[in-house]
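Have a look at the structure below before the remarks.
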Amino acid sequence: MCGLAGFIRLAETPERDGHGSVLEAMGDAIRHRGPDAGQVWMDEDIGLVHRRLSIIDLSEAGTQPMVSGDGNLVIVFNGEIYNYQALRTDLIRSGYQFRTQTDTEVLLALYESHGPACLEALNGMFAMAIWDRTDKRLFLARDRLGKKPLYYYWNGTQLAFASELKSLTQAPFVPRAIRLDAVKDFFAYQYIPDPKTIYENVYKLPPGFCMEWTKNGIRQHQYWDVSFARCDSGSEARLAEELEYLIDDAVRLRMVSDVPLGAFLSGGIDSSGVVGLMARHSDRPVTTCAIGFDSERFDEVAWARKVADRFATDHYEFTVRENVAGSLESIARFFDEPFADPSFVPTYFVSRLARQKVTVALAGDGGDENFAGYSKYRTDQVENRLRGYFPAFIRRHMFPWLAGLAGHSGHAFARKANTLLSTLALPPDEAFFTTNSFFRRSVWDALVNGEFHRATTDYDPADVTREYYQRADAEDHLGRVLYTDIKSYLPGDILVKVDRMSMANSLETRALKWTPNFGQVPKL
């Protein structure tokens, strides 16, 4: 992976002479994302910095920031465009002459030719910033599912952006005032949903969004969303064949690399399927990495070993015997804001192992969100079916009373009845939040007091879940729940210099109708 950062150079800023040093500091903060090269670019209006991890075209010609042939456009880009070779061929036919073999130059040429509408043509994971020197216009964009992170600071006047918060906060004009409702979100979700961050006036550009800055301010546009409106009634055999083609094609495209490439292997269905497809497209053994733990409850190495044997991979294992708790502080520094999903522990260790062998690694993340693989989906589906058997009046008024009676009993069955009745009394979206969050208002009220409590009393973290659930175009409850998880789940970026591959990118999706006039920034 690579890293990018930059900011608008306001004319009235007294620290303009030190902007070069600020950009260097922003780049140094994300050096771990791109150890191969780093460069600063500035003109009177903007400063850009990039840290490069070389994957395609390892020559110095691929160094960023990259300037277009006519000198008007400048780009910093993090990610990979999987269909860049086909796009490159089309651009050559139209008369474009390329200087490098990089997907970065293809992006630059595509934007020069089509403007913001170039996003429609991209198959990949990306975060990018393109500066138009003539129009004094900055274009920012993030990929459809948010595989690549992009943070920005905006206070109504000053704009800055970066791949990580630790880079953004190197700018002296970016304060670190804590956003209180984001803290409440963290208690509910174990992370902070976009577009918020832990800091006031600092945001995540949402997945599937792009943004433009001009002297008149910033405007955002959602260029893509996943749709559950169209249901295919084809045979199971045909659907399975089409699904295998989509996933196989996704794996094939992600294997284009000028550096060593491998895979994370847990032995589960998702990662095992990816490794099997990689073996199909590789003329040499696939490098696989698996992590084991000194606990039978968490150790999956035996299953990973079976898959490695089946596909004759070049397999590496590492059993974590060190003090995991003692490693948490060093791991946590990669997140920059509160994050409590325990999966980051094995992810960190398998990434560290993989980096010793390869530069890029694929994985099977996203399968459960796409195919309703988690047990919570089955539970929620059963509960929602039960909800439909009772009139709303009874559910709203009788079930809470019955739940209260059951709650007074210490019997295990009564406790389960209390939970079920409490959930059935709620609307489907609020029930999904309640059963899948870590938040209880009573706990918050016991932990927080004073001005902090008063400032967050009227805010309900369930609003995040409700908004996505109601926005989904699915007719059925499960479709709405899956949409909610895909949109609010935090795929993020891997912890070290190894990128994950998400099968979610293989979804058959719809692009929103492109309108070049950007809308106003939504309420944050």
Side-chain angles (χ1 to χ4, degrees), residues 3-16 18-30 33 40-42 45-51 65 74 76-78 127-131 136-142 146 148-183 185-186 191-207 209-221 333-339 490 492-493 518 520-524:
L4 58 89
F7 54 83
I8 298 299
R9 304 185 68 201
L10 299 179
E12 64 273 16
T13 304
E15 303 89 0
R16 280 176 63 91
H19 282 175
S21 298
V22 172
L23 289 168
E24 291 282 0
M26 295 176 78
D28 288 344
I30 49 175
R33 300 183 65 88
V40 167
W41 186 94
M42 279 196 305
D45 303 290
I46 197 171
L48 302 171
V49 63
H50 187 265
R51 294 298 317 187
V74 189
V76 283
F77 159 62
N78 167 35
M128 71 176 83
I130 300 177
W131 172 243
K136 308 296 185 185
R137 185 185 307 273
L138 176 66
F139 175 72
L140 301 172
R142 193 175 178 202
K148 291 301 177 185
L150 188 56
Y151 298 86
Y152 69 94
Y153 167 76
W154 173 249
N155 64 356
T157 304
Q158 178 70 66
L159 175 69
F161 56 91
S163 293
E164 296 184 17
L165 283 175
K166 66 171 62 68
S167 175
L168 198 59
T169 54
Q170 295 299 312
F173 50 80
V174 176
R176 300 191 186 189
I178 298 299
R179 181 165 179 166
L180 302 185
D181 60 341
V183 177
D185 281 333
F186 170 70
Y191 67 93
I192 298 172
D194 59 60
K196 299 176 190 174
T197 71
I198 192 61
Y199 299 124
E200 294 180 359
N201 294 329
V202 177
Y203 311 98
K204 306 176 183 83
L205 184 65
F209 272 72
C210 55
M211 185 171 84
E212 279 192 347
W213 174 93
T214 65
K215 64 180 181 180
N216 296 320
I218 64 173
R219 295 179 296 173
Q220 288 187 2
H221 170 73
R333 70 183 181 87
F334 289 101
F335 295 112
D336 295 342
E337 62 179 349
F339 181 72
L490 188 70
D493 214 29
F518 286 62
Q520 294 299 315
V521 179
K523 184 178 180 180
L524 300 170

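Numbering starts at 1 and runs along the sequence shown.
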Straight-line distance of Cys210 SG to Arg219 CZ, nearest 0.5 Å:
10.5 Å

Quick one: do Tyr152 and Tyr203 satisfy ring-ring contact (aromatic ring centres under 6.0 Å, His included)? Show the steps, please.
CA-CA 5 Å; Tyr152 69 94; Tyr203 311 98; 5.4 Å; yes

Pairwise distance CG(Leu10) to NE2(His19) - rounded to 0.5 angstrom:
7.5 Å

Where Ala182 and Thr197 come nearest, the two heavy atoms and their spacing:
CB-O, 3.4 Å

Would you give the length of the straight line joining atom CG of Asp181 to atom NZ of Lys196, rounded to the nearest 0.5 angstrom?
4.0 Å

Yes or no on side-chain contact (heavy atoms from CB on, under 4.5 Å) for Ile198 and Phe339, after CA distance, side-chain angles and deciding distance?
CA-CA 10 Å; Ile198 192 61; Phe339 181 72; over 6 Å; no

Taking the side chain as every heavy atom from C-beta outward, state whether Met211 and Leu150 have any atom pair closer than 4.5 Å.
no

Checking Val76 against Trp131 for the side-chain contact (heavy atoms from CB on, under 4.5 Å) test, could you report, in this order, the C-alpha distance in whole Å, the side-chain angles of both residues, the deciding distance, and whether it holds?
CA-CA 9 Å; Val76 283; Trp131 172 243; over 6 Å; no

Of all heavy-atom pairs linking Leu23 and Gly47, the shortest is CD1-CA, 3.6 Å

Does the side-chain contact (heavy atoms from CB on, under 4.5 Å) test come out yes or no for Val202 and Arg179, once each step is laid out?
CA-CA 9 Å; Val202 177; Arg179 181 165 179 166; over 6 Å; no

Is the backbone N or O of Pro195 less than 3.5 Å from a side-chain atom of Lys204, with the two atoms forming a donor-acceptor pair by type?
no

Atom CG of Leu168 and atom OH of Tyr151: how far apart are they, to the nearest 0.5 Å?
10.0 Å

What is the distance from atom CG of Asp28 to atom CZ of Arg51, rounded to the nearest 0.5 Å?
7.0 Å

Side chain Arg142, main chain Lys148, donor-acceptor under 3.5 Å:
yes

Could you walk me through whether Thr169 and Tyr199 pass the side-chain contact (heavy atoms from CB on, under 4.5 Å) test, one step at a time?
CA-CA 10 Å; Thr169 54; Tyr199 299 124; 3.9 Å; yes

Which atom names give the shortest non-hydrogen contact between Phe161 and Phe7, and what distance separates them?
CE2-N, 4.0 Å

Nearest non-hydrogen partners of Leu138 and Ala129, listed with the distance
CD1-CB, 4.2 Å

If the plane angle is over 60° it's perpendicular, under 30° parallel, otherwise tilted; pick one for Phe173 and Tyr153.
tilted

Could you measure the distance from the CD1 atom of Ile30 to the CD atom of Glu164? Nearest 0.5 Å is fine.
6.5 Å

Output yes when a side-chain donor or acceptor of Lys166 lies under 3.5 Å from a complementary backbone atom of Arg333, and no otherwise.
yes

Checking Gln158 side chain against Ile8 main chain: does a donor-acceptor pair fall under 3.5 Å?
yes

So Glu212 and Arg137, do their side chains get closer than 4.5 Å, heavy atoms only?
yes

Provide the closest heavy-atom pair for Phe77 versus His50 in the form atom of the first, atom of the second, distance.
O-NE2, 2.9 Å

Closest approach of Pro65 and Val74, non-hydrogen atoms and distance?
CB-CG1, 3.8 Å

Is it the case that the side chain of Ser163 and the backbone of Leu4 share a donor-acceptor pair, with hydrogens and angles ignored and the cut-off at 3.5 Å?
yes

